[in-house]
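What follows is a single structure, written as structure tokens, with notes after it.
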Amino acid sequence: MKKLLTLLRKRPSFQAWLLLLPSAFWLFVFFIAPLFIVLIYSFLERGTYGGVQWHFTLENYRRTFDPLYFKTFGRSFYIAIVTTIATLLIGYPLAYYIASRPAKRRGTLVLALMIPFWTNFLVRTYAWLTLLRTHTGLINVTLMSLGWIQKPLPLFGNDFAIIVGLVYGWLPDMVLPIYAALDRLDHSLLEAASDLYASGPNVFRRIVWPLSLPGVVAGSMLVFIPSLGAFVTPAILGGGKTLMIGNIISNQFLAAHDWPFGSALSFVMMAVMLAATLIYFRATSDEERRQL
Amino acid sequence: MSEQALSRALSRRSRMAHLKKQLGEGLFHLYGLTGYLFLYLPIIILVIFSFNDSRSTAQWAGFTTHWYADMMNDHQIILSLWNSLFVAIVSTLVSLVIGTLAALAMERYRFWGKLMMDAVLYLPIIIPDIAMAIMLLIFFDVSGIGFQPWKANFFGVHLAVPYSVIIGHVAFNISFVAVVVRARLAQMDQVLEEAAQDLYADPWRTFWRVTFPMLLPGIMGGALLAFTLSMDDFVITFFTSGAGFNTLPVRVFSMIKKGVTPKINAVSSLMLLFSLVLVAISLIIGKGGDENSSANTMF
């Protein structure tokens with residue numbers, strides 16, 4: 001025992017791993033191991049009554065390129081990109097607005113952003129369901145009763161509805177990191193720039209934008225990844241028609257009982273996410289170098 | 001040009017510039033206002049229609065609390081609320097201990113395998129919940145752990161909560177707790193700890209008397225985040241619960257699938273109130289620190 005204690009005191013690496021023992025155990029058993037099991041499953045054949053047969057096959061990956069699934073991938077990617085761009089376009093000025101308020105107001109405004117951030121995602125998606133529904137949604141009902149439109153606008157059960165739901169759901173995730181980056185910005189730099197007669201747009205392009213890029217990158221990732229893997233939003237606002245890759249994956253487990261194919265689809269989805277992340281990181285760091 | 005005319009022209013120019021600036025500032029204010037309206041209006045409308053005296057969620061027909069009474073009499077909803085609370089409390093307590101230990105190791109030590117552990121700790125945050133959900137589903141099925149319920153007496157209510165759900169919630173909560181506690185540790189001044197050690201306090205005593213009290217806001221922040229994430233989770237619970245187990249979000253989802261009624265608005269409003277209470281608690285805890293620190297430690 002005493003020997004163990006002295007060993008612990010002399011070897012900090014031992015102490016660290018002792019502290020990490022529970023988390024490493026939990027995450028390796030209940031996260032990393034499942035990840036590898038899914039990887040193995042994606043190369044197996046489906047069993048007749050659910051489950052799997054232990055035959056190696058690449059068929060599941062080949063099937064992800066079938067026109068039907070490939071199209072769904074394409075649409076999910078398109079929805080995720082549009083969502084990310086829209087949240088950035090809406091969120092950046094909002095973050096800038098908050099950052100340019102006096103310190104006292106800033107706290108309140110950030111708090112006002114945290115409340116929707118902490119509110120259940122399902123609840124926020126449902127709120128839009130009651131607004132967008134074709135015949136019984138608040139927007140169409142109100143516009144029709146005012147006589148502004150004759151027949152309901154196509155607001156529901158399409159890509160538009162999903163994008164609105166996703167933008168609404170993830171907007172705080174875009175604004176908060178950008179705000180955090182802008183908040184850390186050294187204001188003497190801005191003063192120096194305007195002292196040197198830099199124009200407003202130039203100050204933004206040369207100083208504010210490059211320095212807020214880490215926030216933009218973080219925010220974009222926080223929006224893009226869950227948007228691409230969205231399951232709840234298309235299930236509720238897609239009206240049962242407009243599906244995304246997350247719904248196809250879940251169908252393999254809930255309805256089709258094709259676990260190997262579902263596994264392959266999720267690995268392809270994660271590969272797309274990883275690729276997009278790497279490209280985006282690369283592109284933004286290039287831009288940063290160019291700007292400076 | 002006379003001197004007078006010159007000064008008049010100049011003052012007009014500066015007045016124009018001033019006006020332009022004011023206009024820009026006004027538009028900017030309008031933008032901010034619109035942004036916040038976009039965030040809040042749907043939620044406010046949702047709450048308003050939970051009091052609507054009609055089955056419609058689009059046309060106002062008078063005030064009633066009927067839907068709330070309906071909700072309170074729905075034993076399925078009440079049971080799912082207890083399930084949610086149980087899962088959230090247990091998974092928060094477990095992940096709090098595990099996550100805090102991990103944060104201490106990651107922030108205070110340099111050791112072999114640190115980079116790998118960093119990746120392992122961040123992965124559950126980054127991975128989309130649908131992927132984590134099916135990973136866990138397959139794992140519980142293959143490993144034979146299955147979806148056995150933990151039969152618990154929770155404040156007099158008999159619950160049957162699958163272990164798989166709690167295990168899954170702990171798995172994603174550990175990472176979030178670790179991130180928040182680590183951020184607090186990184187901000188902390190180590191001088192006091194060094195002073196304690198200089199005064200011959202053993203490491204155990206130093207930790208409980210110095211490190212832990214200073215770390216407490218971080219731990220509380222982590223607990224609050226873990227509790228919220230657990231209460232809010234739908235996807236992972238949905239896939240890891242086997243058949244017949246409902247938390248509040250799972251119950252709400254199946255209600256939505258059956259059709260929109262103001263009763264769902266009432267349940268949603270209740271969940272909203274829950275979030276507001278949690279935000280209020282986090283404010284009270286965070287009061288000692290920097291006002292913006294919550295945003296800055298998250299990212």
Side-chain angles (χ1 to χ4, degrees), chain A residues 12-13 15-17 19-20 22-24 26-27 30-35 37-38 41 90 93-94 97 106-107 110 112 114-116 118-123 126-131 136-138 141 168 171 176-177 179-180 183 218 225-226 229 231-232 236 246 249-250 253 259 262 266 270, chain B residues 28 31-32 35-36 39 42-43 45-46 49 56-59 98-99 101-102 104-105 109 111-112 117 120-121 123-124 126 128 130-131 134-139 142 167 170-171 174 178 228 232 234-235 239 249 252-253 256 260 264 268 271-272 275-276 278-279 291-292 294-296 298-299:
Chain A
S13 188
Q15 286 179 24
W17 275 105
L19 290 168
L20 279 172
S23 50
W26 204 285
L27 290 173
F30 299 120
F31 186 80
I32 301 297
L35 191 67
I37 293 172
V38 173
Y41 257 51
I90 300 171
L94 199 58
Y97 174 76
R106 275 203 304 261
V110 169
M114 295 303 277
I115 291 169
W118 284 64
T119 306
N120 192 302
F121 192 81
L122 202 60
V123 167
Y126 171 72
W128 278 97
L129 177 66
T130 68
L131 297 179
T136 46
L138 184 81
V141 166
Y168 183 71
L171 185 62
L176 287 169
Y179 165 73
D183 191 46
I225 290 176
F231 166 68
V232 171
I236 293 177
I249 292 173
S250 75
F253 293 89
W259 292 19
S266 12
M270 287 192 274
Chain B
F28 206 25
Y31 183 85
Y36 278 95
L39 283 173
I43 301 178
I45 293 170
L46 176 97
F49 279 99
S56 164
T57 54
Q59 269 165 316
I98 299 179
L101 292 178
L104 280 167
Y109 293 91
F111 56 92
W112 178 86
M117 239 358 244
V120 170
L121 276 167
L123 259 179
I126 305 167
I130 184 76
I134 63 133
M135 277 160 51
L136 286 165
L137 168 66
I138 294 181
F139 172 78
V142 174
I167 289 172
V170 173
I174 289 174
T228 308
D232 282 357
F234 162 70
V235 179
F239 281 90
V252 167
F253 184 75
I256 294 173
V260 173
I264 305 177
S268 301
M271 290 163 85
L272 199 69
S275 317
L276 284 178
L278 286 173
V279 173
E291 283 213 351
N292 294 325
S294 50
N296 284 332
M298 277 287 306
F299 302 102

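Proteins come first, then strands; the chains are lettered A, B, ... in the order of their sequence lines, and each starts at number 1. Both backbone and side-chain heavy atoms feed into the values below; hydrogens, waters and symmetry mates do not.
Atoms CD1 and OG1, from B/Ile45 and A/Thr130 in turn, are 7.5 Å apart once rounded to the nearest 0.5 Å. For the atom pair CG of B/Leu278 and OG1 of A/Thr119, the computed distance is 10.0 Å after rounding to the nearest 0.5 Å.
Residue with the most contacts toward chain A among B/Leu276, B/Ile174, B/Ile256, B/Leu272: B/Ile256 (heavy-atom pairs, distance under 4.5 Å). Considering only heavy-atom pairs separated by less than 4.5 Å from chain B, the leading option among A/Phe253, A/Phe231, A/Tyr168 is A/Tyr168. Contact count against chain A (heavy-atom pairs under 4.5 Å) is highest for B/Ser275 among B/Ala178, B/Ser56, B/Ala131, B/Ser275. In terms of heavy-atom pairs under 4.5 angstrom with chain B, the leader among A/Ala16, A/Pro22, A/Ala33 is A/Ala16. Per-residue counts of heavy-atom pairs under 4.5 Å with chain B were compared for A/Ile37, A/Leu129, A/Ile225, A/Val38; the largest is that of A/Val38. Note on B/Gly32, B/Ala171, B/Pro42: by heavy-atom pairs under 4.5 Å with chain A, the leading option is B/Pro42. Between chain B and the options A/Phe30, A/Trp26, A/Trp17, heavy-atom pairs under 4.5 Å are most frequent for A/Trp26.
When all heavy atoms of B/Phe239 and A/Ser250 are compared, the pair lying nearest together is CZ-CB, 3.4 Å. Here the closest heavy-atom approach between residue A/Ser266 and residue B/Ile134 is recorded as OG-CD1, 3.0 Å. Nearest heavy atoms, A/Ala127 versus B/Leu46: CA-CD1, 3.8 Å. Minimum heavy-atom separation, B/Pro249 to A/Leu122: O-CD2, 3.1 Å. The shortest non-hydrogen separation linking A/Leu94 to B/Gly35 is CD1-CA, 4.1 Å. For the pair B/Ile130 and A/Gly229, the tightest heavy-atom approach, listed with the atom from each and the gap, is CG2-O, 3.5 Å.
Using a 4.5 Å cut-off between heavy atoms, A/Trp118 touches chain B through backbone and side chain atoms alike. Interface remark: A/Pro226 contributes no atoms to any contact with chain B (heavy atom separation under 4.5 Å). Contact of B/Ile43 with chain A is made through backbone and side chain together, with heavy-atom distances under 4.5 Å. Contact annotation for B/Leu39: both backbone and side-chain heavy atoms come within less than 4.5 Å of a heavy atom of chain A. Contacts of B/Phe111 with chain A are made by both backbone and side-chain atoms, with heavy-atom separations under 4.5 Å. For B/Ile138, the parts sitting under 4.5 Å from any heavy atom of chain A are the backbone and the side chain alike. Of the atoms belonging to B/Phe28, heavy atoms from both backbone and side chain fall under 4.5 Å from chain A. For B/Ile167, the parts lying under 4.5 angstrom from a heavy atom of chain A are both the backbone and the side chain. Looking at B/Ile98, the atoms closer than 4.5 Å to chain A (heavy atoms on both sides) sit in the backbone and in the side chain alike. Both the backbone and the side chain of A/Leu35 come within less than 4.5 Å of a heavy atom of chain B.
Applying the side-chain contact (heavy atoms from CB on, under 4.5 Å) test to B/Asp232 and every residue at least two apart in sequence or in another chain returns A/Asn120, B/Thr228.
Each of B/Leu123, B/Val120, B/Leu136 was compared with A/Phe31 under the side chain to side chain contact (heavy atoms under 4.5 Å, CB included) criterion, and only B/Leu123 meets it.
Using a 4.5 Å heavy-atom cutoff, the side chains of B/Val260 and A/Thr136 are not in contact.
Side-chain atoms of A/Tyr126 never come within 3.5 Å of backbone atoms of B/Phe253 as a donor-acceptor pair (strictly under, hydrogens ignored).
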